[in-house]
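Structure record follows, encoded as structure tokens.
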Amino acid sequence: LSQLHPGDLHLSVDLPPYTLQRLDLHVPDFGNVSKQVTLQQEKDFIAACGMPLVWIPDGGFWAGKYLVRQSDFETVGGNNPSTFRRPNRPVETISWESAMAFCDKLNQYERKAGKLPQGYHYTLPKESQWSVLSADANIDQAATSRVTTFSSTQDVGYSEPNRYGIYDSIGNVWEWCLDAFDEKGDHGLRGGCWLSSTEHFPSADTRNAGGPKYADQFTGFRVVLVPN
């Protein structure tokens, strides 16, 4: 900007994940000029690793548009423990400990790339946050065995998005949550999976749980980006 010629300028400030800001600026013949810009953190964006993030206005945080995909897990974590191997399917056979370790690596990855918003970090959603981001997800259109019997996971984006633009918060894989489920040290699992039947998954509010090391082909996760 030091070599700009005097006159009126029309500038755009685009710094993901902040909302695009436009401003007018007059550069005088001599002297300095400054302009204060207020950035708003309400913009959906794509992380450096390729994961799309959606702003959840009713929660004040971002959430993964999709379940963590096998391609995301390989990019950040360097391996793929899944049983049903396809890059666009959700990573599964994931324990709570493995999901948390991935979040730590993701924070390092995004910080190094300069795309970790200041004052925020990636983690698993609390059950209360999961309930907010899941919102009005349609259980009858989800990848569960309530209506159609499935024999494996499906590509992410199988269901229609909810009002926030979140896909597959119901079905495909159970999603690990951050907080403890009970005094034994289990953690909550929400959303059901591809094998969930009406008998075992009667409603979208159905809860499940597992120990921190528990993992099978029914468990996966979604990340959220929340204030420190």
Side-chain angles (χ1 to χ4, degrees), residues 1-2 11-23 35-57 59-82 85-126 129-130 132-133 153 155-157 161 164-169 172-173 175-179 187 212-213 215 219-228:
L1 295 178
S2 60
L11 304 177
S12 297
V13 180
D14 190 13
L15 297 172
Y18 303 103
T19 304
L20 179 69
Q21 300 289 314
R22 304 187 187 280
L23 63 149
K35 183 76 172 183
Q36 183 174 348
V37 180
T38 300
L39 298 177
Q40 299 178 357
Q41 299 180 353
E42 299 180 350
K43 181 180 180 181
D44 299 351
F45 71 102
I46 297 177
C49 68
M51 295 173 55
L53 277 296
V54 174
W55 177 251
I56 309 297
F61 60 87
W62 283 277
K65 184 175 185 177
Y66 305 114
L67 297 159
V68 174
R69 299 166 294 191
Q70 294 177 34
S71 58
D72 303 322
F73 199 87
E74 290 178 351
T75 296
V76 176
N79 67 315
N80 183 0
S82 301
R85 294 289 188 96
R86 287 191 183 178
N88 205 41
R89 289 193 179 187
V91 66
E92 27 83 6
T93 316
I94 290 291
S95 69
W96 182 89
E97 289 183 348
S98 295
M100 289 298 294
F102 174 87
C103 291
D104 289 341
K105 291 180 180 179
L106 180 59
N107 284 314
Q108 297 172 19
Y109 188 101
E110 296 299 316
R111 187 179 295 111
K112 184 177 180 180
K115 294 200 70 174
L116 183 65
Q118 185 174 0
Y120 284 79
H121 69 284
Y122 288 96
T123 187
L124 295 176
K126 297 178 180 179
Q129 293 170 328
W130 184 90
V132 172
L133 70 86
T153 57
D155 283 356
V156 299
Y164 300 126
I166 297 288
Y167 289 82
D168 304 320
S169 61
N172 233 339
V173 290
E175 300 184 33
W176 283 112
C177 291
L178 179 66
D179 30 6
H187 291 272
K213 297 183 182 298
T219 58
F221 67 109
R222 183 189 310 270
V223 299
V224 290
L225 182 59
V226 298
N228 294 338

Whether the side chain of [X] engages the backbone of [Y] through a donor-acceptor N/O pair (distance < 3.5 Å, no angle test) should be reported.
X	Y	result
Ser95	Ser98	yes
Thr219	Ile94	yes
Asp168	Gly157	yes
Arg69	Tyr66	no

Calculate, to the nearest 0.5 Å, the distance between atoms [atom1] and [atom2] belonging to [X] and [Y] respectively.
X	Y	atom1	atom2	value
Leu106	Phe73	CG	CZ	11.0 Å
Tyr109	Cys49	OH	SG	6.5 Å
Ser71	Arg89	OG	CZ	13.0 Å
Leu67	Phe221	CG	CZ	9.5 Å
Ile56	Tyr164	CD1	OH	6.5 Å
Asn88	Gln70	CG	CD	9.0 Å

With no hydrogens and no angle check, just 3.5 Å: does a side-chain donor-acceptor pair link Asn107 and His121?
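There is no such pair between these side chains.
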May I ask you to decide if the ring planes of His187 and Trp96 are parallel, tilted or perpendicular, using 30° and 60° as cut-offs?
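His187 and Trp96: parallel rings.
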With the threshold set at 4.0 Å, does a side-chain nitrogen-carboxylate oxygen contact exist between Lys115 and Glu110?
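No.
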Closest heavy-atom contact between Pro227 and Gly60?
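Closest approach of Pro227 to Gly60, heavy atoms only: CD-O, 4.1 Å.
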Which heavy atom in Pro125 sits nearest to a heavy atom in Leu133, and how many Å separate them?
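Of all heavy-atom pairs spanning Pro125 and Leu133, the closest is CB-CD2, 4.3 Å.
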pair [X]-[Y]: side-chain heavy atoms closer than 4.5 Å:
X	Y	result
Val226	Tyr122	no
Glu74	Val91	no
Cys103	Val223	yes
Lys65	Val156	no
Gln129	Phe61	yes
Leu124	Cys177	no
Asp44	Pro52	no

Ring centers of Trp62, Tyr120 separated by less than 6.0 Å:
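Judged by ring-centre distance (under 6.0 Å), Trp62 and Tyr120 do meet the cut-off.
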Mind running side-chain contact (heavy atoms from CB on, under 4.5 Å) on Arg222 and Ile166 for me, showing each step along the way?
CA-CA 10 Å; Arg222 183 189 310 270; Ile166 297 288; 3.5 Å; yes
For Glu175 and Ser169, what are the C-alpha separation, side-chain angles and deciding distance, and is it a side-chain contact (heavy atoms from CB on, under 4.5 Å)?
CA-CA 8 Å; Glu175 300 184 33; Ser169 61; 4.2 Å; yes
Verdict with reasoning, Leu225 to Thr123, per side-chain contact (heavy atoms from CB on, under 4.5 Å)
CA-CA 7 Å; Leu225 182 59; Thr123 187; over 6 Å; no
